[in-house]
There are 2 protein chains.
Amino acid sequence: MSATRDTINDKTRLSADAWAQAALDAIADQGIAGVAVEPLARRLGVTKGSFYWHFSNREALLKRALERWEEQETGVPFQSLENETDPRRRLQRVIREVNTSLRTSRIYQALSAAADDPLIAAFVTRVSTRRIETLRHYYEAVGLSPDNASRWARLTYSVFLGTLQIRRDMPAEWPHTDSTEFSQYIAFLEQALLPDDDAMNPDLAAPAHTGAALTGTLAANTATKS
Amino acid sequence: MSATRDTINDKTRLSADAWAQAALDAIADQGIAGVAVEPLARRLGVTKGSFYWHFSNREALLKRALERWEEQETGVPFQSLENETDPRRRLQRVIREVNTSLRTSRIYQALSAAADDPLIAAFVTRVSTRRIETLRHYYEAVGLSPDNASRWARLTYSVFLGTLQIRRDMPAEWPHTDSTEFSQYIAFLEQALLPDDDAMNPDLAAPAHTGAALTGTLAANTATKS
DNA sequence: TCGCCTCCATACGGTGGCGTATTGACAGCG
DNA sequence: CGCTGTCAATACGCCACCGTATGGAGGCGA
């Protein structure tokens, strides 16, 4: 562990960014409590003397690390999805990929867990808001009204967040990654988080399929309520 | 704040349970970091001397508080729901009530945020697992196969968790409690988290409603895959 | 009333982290 | 070759919290 620095004692001096990256690493596997000057210094093989030359205090480091994180987060990761032309397939892919990966989310979870710190909360809010906004666009692109797109985006994002927590706190409740139940659940998600086709043009929707109460497609129903 | 003790300086001595309850209160509005001996003592108007008579150390207090929490959590709160005879209405009510309240969940969020502590993680896991189990029963009672009930329960619980996070970290994304959008979203949830009626008896489901690809009811579709 | 047991106060030492001050190593450059 | 600027080591004081030791205060039974 802690192979943050390339080889343990290379002669290269440290940059501020090196400290910021080390802080992010520490967040990933120890939470923000891991962002402590002296422990970080030990991990980097130096002492506080170095740190306080690059940063005025601990908070400055935290801020820099968070900025770094926000950049990485709003950068390329969704790049491949933007190229997906079919909006329906695009939504399916988001749902699938986000609920599969987990690697990227360690930091997010740690940050969210420390959201009592207003500085951290600000970053978490920005990143999450932007993500929901993206989802909203995706849902609109599939033919939903702005209102319905908002609701679906909110729902889908809460599933993402909740799934993260489940996988962390109750791994027994989460199917093993290569099991058949796993792929079945992902398929299940892809459908539960995608409005029915006929929801997009309520005019064509059959008034009822089978049962009486509470049938009808999801989005169509709530849409007619407004 | 901190009116934990009845009146600030009543002569009654403290019991261990009083400390445990104070710890829970502290968790609710400061996170587990709030469970610190000396601050708690100040808040209770006593000194450490009292604490270390009742408990051997901080961890003992934490454990006792968590046990208290687990009791309260697996106790009455769902009582009224068990009396609901109509299983479909019961599910609707769970969805509605849990996503509306928030009060009860402050402690849960704080605990989940501190799930790096194995002691805390154990309690969180137990409580959450039990809750999912309850949901599973509810979904089975509505006519779903065990497999599908598991999936729906997992989905619904992740929505609960994710919604909590959204309301805490991005309150702007959550509709104001008495707005019309709020009630519309809850209605939306009640439908999105409830399988379609015809999903329960796939034989009766019409082969297709309108569109071609990806139609059919959610549960019916995944059910036929197994 | 005396003594004991319960609950709490006071005082102390220890630990881990923050931030500062001072000094030192080393490189580039005039 | 010395100057200067960059990066780091050492040493210090401070604070918050944990846990211990010890000594009361006050009720309560004998």
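Lettering follows sequence order; numbering is per chain, from 1.
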Please tell me if the side chains of Q21(B) and L24(B) come closer than 4.5 Å, counting only heavy atoms from C-beta onward. yes

How do K48(A) and S15(B) order along DNA chain C: which one's closest nucleotide is nearer the 5' end? S15(B)

side-chain contact (heavy atoms from CB on, under 4.5 Å) against T100(A), all qualifying residues, sequence neighbours excluded: R96(A), F182(A), I186(A)

Would you kindly check if the NZ (Lys) or CZ (Arg) of R131(A) is within the cone defined by 45 degrees around the ring axis of Y108(A) and under 6.0 Å from the six-membered ring centre? yes

Would you mind reading off the distance between E59(A) atom CD and dG19(C) atom P, rounded to a whole angstrom? 9 Å

Does the cation-pi check pass for R136(B) over Y139(B), that is, NZ or CZ under 6.0 Å from the six-membered ring centre and within 45° of its axis? no

Reading DNA chain D from 5' onward, which residue's closest nucleotide shows up sooner: T47(A) or S56(B)? T47(A)

For the backbone of V35(A) and the side chain of R58(A), can you confirm whether one donor and one acceptor N or O come within less than 3.5 Å of each other? yes

Can you check whether R58(A) has a side-chain N or O nearer than 4.0 Å to OP1 or OP2 of dG16(C)? no

Using a 4.0 Å cut-off on heavy atoms, which residues in residues 26-34 of chain A reach DNA chain C? List them by number, or say none. none

Would you mind telling me which of dT20(C), dC18(D), dA8(D) lies closest to the side-chain atoms of V46(A)? dA8(D)

Close residues, residues 60-68 of chain B, relative to DNA chain D [heavy-atom separation under 4.0 Å]: none

Which nucleotide, dC17(D), dA8(D), dG17(C), lies nearest any side-chain atom of P39(A)? dG17(C)

Supply the atom-to-atom distance I132(A) CD1 to F160(A) CZ, rounded to the nearest 0.5 angstrom. 10.5 Å

In whole Å, what is the span from the CG atom of L40(B) to the P atom of dA16(D)? 16 Å

Please determine whether a side-chain nitrogen of the Lys or Arg among E73(B) and R126(B) lies less than 4.0 Å from a carboxylate oxygen of the Asp or Glu. no

Using 0.5 Å steps for rounding, measure from the CZ atom of R93(B) to the CD atom of E190(B). 11.0 Å

Distance, rounded to the nearest Å, where F51(B) contributes CZ and dC8(C) contributes P: 13 Å

Which heavy atom in A28(A) sits nearest to a heavy atom in I107(A), and how many Å separate them? CB-CG1, 3.8 Å

Between P of dT22(D) and OH of Y52(B), the distance in whole Å: 17 Å

Counting only side-chain N and O atoms of R42(A), is one of them less than 4.0 Å from OP1 or OP2 of dG16(C)? no

Main chain of S112(B), side chain of R168(A): is a donor-acceptor contact present, judged purely on distance under 3.5 Å? yes

To the nearest Å, how far apart are W53(A) CH2 and dC7(D) P? 4 Å

Nearest-angstrom distance from the residue atom NE2 of H54(B) to P of dT6(C): 12 Å

Listed nucleotide nearest any side-chain atom of S50(A), set dC18(C), dA8(D), dG17(C): dA8(D)

Rounded to whole Å, please give me the gap between CZ in F55(A) and P in dC7(D). 12 Å

Expressed in angstrom and rounded to an integer, what is the separation of E38(B) atom CD from dA11(C) atom P? 14 Å

